[in-house]
Structure formats: C-alpha cells, structure tokens
Amino acid sequence: LTMTPQPNQDGCCGNFDGNAADDTSRQVMERGAGRIGNGDNMFNHRTHIEWTDVEEKLLKLCPQNRVAEAEQFAADCGAQDSIAWKACKLDICFGNNEHALRMTKELGL
C-alpha cells in the first residue's frame, strides 16, 4: 500500500510527520493510533497471529528495569488476549531497536 500523507494521518507505523522521535510504541498507543476498531477494518477478516518460540524467549530476556513499565503498558494498551498482552510488552522491552533482527540472531534465537 502506498499513499500520500493525509491531514491528521496516524497509525501503528507512526504519523508520517518526518519525526521518528514521536512514533514510539507508547506515543502511538497514547494517541489511540495503534488499534483498529472492528468497524474500521478495511479487510474482510482479522488474521490469526501465532506467538513464536523466539518471541517467548525474547520476552524472558526483557531487561529487568523495563519489566514493570512493560506490564503497565500492556494494561494501558487494552490488550484483550495473551498474544496482544505479550506484543505490548515486547514493544516496551525491545521496541525502537533498529537492529532487533541482528540482536536476535546474535543471541542465537
């Protein structure tokens, strides 16, 4: 999908204002841009997402100083199931890591 920037555009990938600093997971969720209501989904169904072993291992490696923040963020982001809860926690533990794939490979995951 491609599109030109729209007024008040915002979403899971950010607000496309050219400032990556205001597109952290927490800021996106605080703006309410990280969730799509059932009536707003432009696709005909939601995709079932499976939690992987690698994601589970990463979650266990969450830096200790971020665990409480990650738990609170998961509660604040309105996670309704265990996968959404874990995904919210991963966003805080490892979000904004430009080298997440490299880090994961270096950890042998």
### Query
So among Gln72, Glu71, Glu69, which one has a side chain to side chain contact (heavy atoms under 4.5 Å, CB included) with Ile92?
Glu69

### Common cluster, Leu59/Val67, ILVMFWY with side-chain heavy-atom separation under 4.5 Å
no

Which atom pairs, donor and acceptor, lie under 3.5 Å between side-chain atoms of residues 7-18 and protein residues at least two apart or in another chain?
{"residue": "Gln9", "atom": "OE1", "partner": "Gln6", "partner atom": "N", "Å": "2.7"}
{"residue": "Asp10", "atom": "OD1", "partner": "Arg31", "partner atom": "NE", "Å": "3.4"}
{"residue": "Asp10", "atom": "OD1", "partner": "Arg31", "partner atom": "NH2", "Å": "3.1"}
{"residue": "Asp10", "atom": "OD2", "partner": "Arg31", "partner atom": "NE", "Å": "2.5"}
{"residue": "Asn15", "atom": "OD1", "partner": "Asp17", "partner atom": "N", "Å": "3.2"}
{"residue": "Asn15", "atom": "ND2", "partner": "Asp22", "partner atom": "OD2", "Å": "3.3"}
{"residue": "Asp17", "atom": "OD1", "partner": "Asn19", "partner atom": "N", "Å": "2.8"}

### Message
Given Lys86, which partner from the list Glu56, Glu50, Glu55 fulfils the salt bridge (Lys or Arg N to Asp or Glu O under 4.0 Å) test?
### Response
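Filter result, single survivor: Glu56.
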
### Query
For the residue pair Ala70 and Cys93, what are the closest heavy atoms and their distance?
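Closest pair (atom of Ala70, atom of Cys93, distance): CB-SG, 3.9 Å.
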
### Query
If you count the non-hydrogen atoms of other residues, nucleotides and ligands that lie under 6.0 Å from CG in Asn65, is the total more than 12?
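Enclosed: over 12 neighbouring heavy atoms sit under 6.0 Å from CG of Asn65.
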
